[in-house]
Amino acid sequence: MKYKSDRAEIAKFIDDLRKKPWLGKARSWWPKYVFHFTDVNNAIKIINDGCLHSRARMETKGGIPCDIASPDIIASTDVEYKNWVRFYFRPRTPTQYRNEGFRPKDKHE
């Protein structure tokens, strides 16, 4: 199995993050899990490619097969951050609600 050369640094960062007081005891487990939300067609491409690519990289390769990102969020995201893959370190993010359609009854788009 291939591993990133900086995997030890990533693991240390996550371990350190788990100890941050602002996370609190109830949420200290969240950083142990990394979430990446995407459409199933994108997931197939990720599995076939064997890696995730940033938004900027995908745009140079012909675009994202099924772009599920909020246009408002992408429009307000600095170009620098589009060079990285977006991960989430907690469950039930607003992105998940938007992509999956899970919202409170009084909060419909």
(request) Could I get the full list of side-chain hydrogen bond (donor to acceptor under 3.5 Å, both in side chains) partners for N83, not counting sequence neighbours? (result) none
(request) Calculate, to the nearest 0.5 Å, the distance between atoms NZ and CD1 belonging to K19 and I14 respectively. (result) 12.5 Å
(request) Determine which pairs satisfy salt bridge (charged side-chain N to carboxylate O under 4.0 Å, His left out) with at least one residue from residues 20-29, sequence neighbours left out, and list them in order. (result) none
(message) On a heavy-atom basis, which atom in F37 and which in I68 lie closest, and how many Å separate them?
(response) O-CD1, 3.8 Å
(message) So, using side chain to side chain contact (heavy atoms under 4.5 Å, CB included) as the criterion, who are the partners of F87 when residues are at least two apart?
(response) V34, H36, L52, V85, F89
Side-chain atoms of residues 43-50: list all donor-acceptor pairs with protein atoms under 3.5 Å, sequence neighbours left out, distances to 0.1 Å.
unit_1 : atom_1 : unit_2 : atom_2 : d
K45    : NZ     : D49    : OD2    : 3.1
N48    : ND2    : I44    : O      : 3.4

(message) Minimum heavy-atom separation for A69 and I74, please, with both atom names.
(response) CB-CG1, 3.5 Å
(message) How long is the straight-line distance from CZ of F35 back to CH2 of W30, given to the nearest 0.5 Å?
(response) 9.5 Å
(request) Give every residue pair that meets the salt bridge (charged side-chain N to carboxylate O under 4.0 Å, His left out) criterion with at least one member in residues 53-82, sequence neighbours excluded. (result) R55-E59, R55-D67
(message) Would you compute the distance between atom OH of Y81 and atom CZ of R86 and round it to the nearest 0.5 angstrom?
(response) 11.0 Å
(request) Show which residues join I64 in its hydrophobic cluster (side-chain heavy-atom contacts under 4.5 Å, direct or indirect), or state none. (result) M58
(request) Could you tell me which residues satisfy salt bridge (Lys or Arg N to Asp or Glu O under 4.0 Å) with K12, sequence neighbours excluded, listed by chain and number? (result) D16
(message) Checking Y33 now: which residues fulfil ring-ring contact (aromatic ring centres under 6.0 Å, His included) with it, not counting sequence neighbours?
(response) W29
